[in-house]
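Note sheet for the following structure.
Note that these values count all heavy atoms, side chains included, but never hydrogens, waters or copies made by symmetry. First listed ligand is number 1; within each ligand, the first listed atom is number 1.
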Amino acid sequence: MDFDRDRRRKPFKIKVVQPIKWNTREERAKIMEAAGYCFGFVRAEDIPINLTTDSGTSAMSMAQWSALMDADEAYFNRKNFYDFEKAVKDFTGMKYVLPTHQGRAAEHIVCAVLIKHKGAVIPANAHFGTTEIHAMRYGARPINLPIEEAFDTQKIHPFKGNIDINKFEELISNKGAENIPFLNMVMTNNFMAGQPVSMANLKEAAEIAHEHGIKVVIDAARLPENAYFIKERESGYKNKSIREICREACSYADVVHMSCKKCALVNMGGFIATNDKDLYMEMGALLVQFEGYLTYGGLTGRDLAAIAVGLNEGLDYDYLADRIGQVEYFAEQLRRRNVPIYEPPGGHAVYIDAEKAYPHIPKEQYPAEALGVEAYIEGGVAGLGHPSSLGWTRTDPETGKPVPCPFEFTRYAIPRRVYFDCQLEYAADVIAYAVEKGEKVKGFRIKWVPKNEFLKVFIYRLERIK
Ligand SMILES: *Cc1c(COP(=O)(O)O)cnc(C)c1O
């Protein structure tokens, strides 16, 4: 026996307990109906096992909580900024750091500074939803170029988050490099089932971009988790530390931004990092307008202190092995119960292929939402299956018609250091039961959606098709 490699040992134990309120099945059915079958309207206290997102939902460590108490709230240049700045510099290897209140605030500033003319196109392995909206607001067209293998939910490939290099080169020759202000590499690739990007793919894409004068931006919300996959799966990285891998990745970028609500193990925060002084100054000017002064950017001293500690904890190998191991454990529990999942599972979530789970519900009647709702009603386990398939479906600005989504996913994201393995086993039982109900579960039609395309991702009202 090699007990040193036994995941059940866990790299932490519990110090603070948050009680869970458990409603009855009948109560949950009423709650869902009253919310129009939209989790955007359900109160969090009514969701006992909440797997709707891993964003801002991490449990902080005792080191983070004590850093919070030690924080200073002076306006200019509080000491916690320097701890934060050091942690970000150590993580990215970059010289200039700007704090932001969360990831999308960083994206906003990066897009505002890099997108200089209308009609630009912004390629990515697959943009996060808010990046797309920012790019569009600045008159640019976001384009997703995932590899073909990623569209096959059963195909095993170590780096399904990669960008398709041929398609990227084709885009450059079709649109002209002068119309492509930056390449956006999202690591891990949230909108592609949380799949990792290989270092080789990042390096090659970045080299092509730089040859053409195109800047490279890394969306590093889950770069530490991506680095773990690189260490485990890519040749040449077995003996590199997670930090070394993250720094190598950042060395290919002109700008790195991060939502600290993911891998920095905090409930709020973000940053932008770069080596380019001019860009830093330009972004800094916008930071002061939209977020706050250069050394706090919309964050309290407490937030900065918690990030300074959490960003380092998030790079710990044992922590990451436990974290990614728990996601894989959950995936294995679902597989064993014949729940059709996206393979292989990503770093932060297990995505269920709802078209396979509920083949009797046509796409137009939202099978992913039907599964998410059913598992909540049956056992209080919540995952997301938005009618717009997690924001993939949107109106094509050129044709005015909806662009269909390549998937129907119900996403079960795992908050970091929050749930026990046995709670995820329970969740797998509940989800499997909801799948087994089969034709007893009916689809939905839309009763109300807001006019705004983006808001539609989060708030809507549905009614059950009888
Ligand atoms: C969450 C997320 C963001 C945005 O971050 P927020 O902190 O939620 O604003 C950006 N990119 C990716 C890949 C994300 O998952």
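- For Asp83 and Lys79, the salt-bridge test fails: no basic side-chain N is under 4.0 Å from an acidic carboxylate O.
- Listed by atom number, the atoms of ligand 1 under 4.0 Å from Val186 heavy atoms are 13 (C).
- Ligand 1 has Glu107 within reach: a non-hydrogen atom of the residue lies less than 4.0 Å from it.
- Here the heavy atom of the protein found nearest to atom 11 (N) of ligand 1 is Asp219 OD2, 2.6 Å.
- Residue contacts with ligand 1: Asn190 is placed with a nitrogen or oxygen under 3.5 Å of a nitrogen or oxygen of the ligand (distance criterion only).
- Where the criterion is an N or O separation shorter than 3.5 Å, residue side chain and backbone included, Gln102 meets it with respect to ligand 1.
- Set against the non-hydrogen atoms of Lys261, the atoms of ligand 1 under 4.0 Å away are 7 (O).
- Cation-pi geometry between Lys10 and Tyr329 is not met: the NZ or CZ atom fails to fall both under 6.0 Å from the ring centre and inside 45° of the normal.
- In terms of protein heavy atoms, atom 2 (C) of ligand 1 is closest to Lys262 NZ, 2.4 Å.
- Residue Arg104 approaches ligand 1 through these ligand atoms, each under 4.0 Å from one of its heavy atoms: 4 (C), 5 (O), 6 (P), 8 (O), 9 (O).
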Audit row: Phe409, Tyr342, ring pair (Phe, Tyr, Trp, His ring centres under 6.0 Å) steps and yes/no: CA-CA 9 Å; Phe409 282 150; Tyr342 185 97; 5.6 Å; yes

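- Within the 3.5 Å criterion, the main-chain N or O of Ala74 finds a donor-acceptor partner in the side chain of Arg78.
- With Met185 as the partner, the side chain to side chain contact (heavy atoms under 4.5 Å, CB included) test is satisfied by one option alone out of Val256, Asn226, Asn201, Asn162: Asn201.
- The aromatic rings of Tyr293 and Tyr75 sit tilted relative to each other, their planes meeting at an angle between 30° and 60°.
- At least one heavy atom of Arg222 sits less than 4.0 Å from an atom of ligand 1.
- Set against the non-hydrogen atoms of Ser259, the atoms of ligand 1 under 4.0 Å away are 5 (O), 6 (P), 7 (O).
- Annotation: Ala221 places no N or O atom under 3.5 Å from an N or O atom of ligand 1; distance criterion only.
- A centroid separation of 6.0 Å or more is found between the aromatic rings of Phe271 and His257.
- Partner Ile218 forms a side chain to side chain contact (heavy atoms under 4.5 Å, CB included) with one of Asp254, Leu202, Val255 and no other, that one being Leu202.
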